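Take a look at the structure below.
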Amino acid sequence: MDWLLEIEDVCYTYPGSETPALNGLTMRVPRGKRCVLLGHNGCGKSTLFLHMNGIYAPERGVVKWKGEAFSYRRTFLSQIRQKVGLVFQDPEQQLIASTVAEDISYGLCSAGLSDDEAKRKVEQALVRFGLEHFRERPVHHLSLGQKKRVALAGVMVLEPELLLLDEPTAYLDRLHTRLLMKELERIHREEGTTIVMATHDIDLAYEWADWVFVIEDGRLALEGAPNEVFARRDVLEGLQLGVPLLFDVWEALVPSFFPETEARPRNVADLKERLARCLVD
Ligand SMILES: Nc1ncnc2c1ncn2[C@@H]1O[C@H](COP(=O)(O)OP(=O)(O)O)[C@@H](O)[C@H]1O
Ligand SMILES: [Mg+2]
């Protein structure tokens with residue numbers, strides 16, 4: 001397996017806190033995959049992301065990019081933050097400039113691009129993210145879904161190899177969740193970006209991910225392909241995470257309708273298709 005980013009035995013405790021937020025966490029991000037980071041509030045997902053792009057340095061343990069340990073020097077950090085793009089859960093933490101176009105160009109200017117080159121990339125990002133009509137719009141006039149899109153555009157304009165998304169669907173309605181997932185699909189397919197998305201939406205994780213990390217109390221509790229991870233009902237229920245709804249539905253249908261050996265459906269459309277076929281037979 002080809003690892004993009006490795007976290008080895010990382011510990012981190014916030015100043016003034018008794019319990020560590022990360023407590024000997026070890027995990028490796030496989031290149032090219034759509035990964036999900038599952039875990040309850042407070043299990044350490046955001047703290048982990050802040051270590052993955054060098055905003056925080058571990059107290060103990062090592063973070064590596066393509067096999068090389070982070071150095072935490074200024075030049076290294078500015079490079080790693082371009083390669084590892086982090087979209088915060090709350091866009092208010094991310095958006096700093098006054099208009100949409102200025103905000104998207106912010107990171108480019110600090111990356112040392114010429115004005116013309118930066119302008120061209122900002123234009124491209126505005127179009128790609130459907131924001132061309134919002135170019136001069138003040139950021140604080142946008143809806144939450146729009147702000148999240150601007151924050152994502154501002155990170156993607158730097159063409160990161162690894163995209164970290166901290167609970168990107170939090171507070172989004174169904175429509176905007178779907179639009180965002182479509183956008184992530186496009187980014188993964190067309191730009192080949194490796195993605196790690198933190199979420200506690202187990203159904204979304206099952207449908208979308210091809211690799212799943214489960215975090216509990218600042219440690220890795222479980223990892224693997226979705227079918228393997230979600231088959232560990234005992235562990236997931238012990239962690240109060242449960243299993244995807246589709247798993248429960250499928251288990252209710254097997255073995256009356258389908259053989260035990262048939263692979264589980266990954267989404268509702270897949271389930272519908274199989275039911276239709278089964279009813280025709
Ligand atoms: N700025 C902070 N100062 C002190 N403790 C914090 C801070 N941010 C997070 N924590 C604590 O660290 C632990 C992990 O938090 P966090 O990484 O935000 O988890 P998650 O993103 O999974 O909800 C929690 O116990 C949380 O209370
Ligand atoms: Mg968080």
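Owing to the predicted nature of the structure, the values given are computational and were not obtained by experimental measurement. Ligands are counted one by one from 1 in listed order, and the atoms in each one are counted from 1 as well. For the numbers below, each heavy atom of this structure counts, side chains included, while hydrogens, waters and symmetry mates do not.
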Quiz prompt | Ion pair R34/D210, N-O distance below 4.0 Å | solution = yes
Exercise. Check each atom of ligand 1 against the heavy atoms of G44 and keep those under 4.0 Å away; list them by number with element.
Key: 14 (C), 16 (P), 17 (O), 19 (O), 20 (P), 22 (O)
Quiz item: What about S46: any of its N or O atoms under 3.5 Å from an N or O on ligand 1?
Solution: yes
Quiz item: Does even one non-hydrogen atom of C43 get within less than 4.0 Å of ligand 1?
Solution: yes
Exercise. Could you tell me whether D166 and ligand 1 have an N or O pair separated by under 3.5 Å?
Key: no
Exercise. State if G39 counts as touching ligand 1 under the rule of any non-hydrogen atom under 4.0 Å.
Key: no
Quiz item: Is the backbone of E207 close enough, under 3.5 Å, to the side chain of N267 for a donor and an acceptor to pair up by distance?
Solution: no
Practice problem: List every atom of ligand 1 that sits less than 4.0 Å from any heavy atom of N41, numbering the atoms from 1 in the order shown and giving each element. | Solution: 23 (O)
Quiz prompt | Atoms of ligand 1, numbered as shown, that sit under 4.0 Å from any heavy atom of H40 | solution = 22 (O)
Quiz item: Are K121 and E159 close enough for a salt bridge, meaning some N to O gap below 4.0 Å?
Solution: yes
Self-check item: Residues E123 and K119 bridged, charged N to O under 4.0 Å
Solution: no
Quiz item: Which atoms of ligand 1 have any heavy atom of A21 under 4.0 Å away?
Solution: 12 (O), 13 (C), 14 (C)
Quiz item: Does at least one non-hydrogen atom of Q89 fall below 4.0 angstrom from an atom of ligand 1?
Solution: no
Exercise. Considering heavy atoms of the protein only, find what lies nearest to atom 17 (O) of ligand 1 and give residue, atom and distance to 0.1 Å.
Key: T47 OG1, 2.4 Å
Exercise. Name the orientation class of the two ring planes belonging to Y12 and Y56 (parallel below 30°, tilted from 30 to 60°, perpendicular beyond 60°).
Key: parallel
Quiz prompt | Proximal ligand 1 atoms for K45, defined as those under 4.0 Å from one of its heavy atoms | solution = 17 (O), 19 (O), 20 (P), 21 (O), 22 (O), 23 (O)
Exercise. May I ask you to decide whether D166 forms a salt bridge with K45, counting only side-chain N to carboxylate O separations under 4.0 Å?
Key: no
Quiz item: Aromatic ring centroids of W65 and F76 under 6.0 Å?
Solution: no
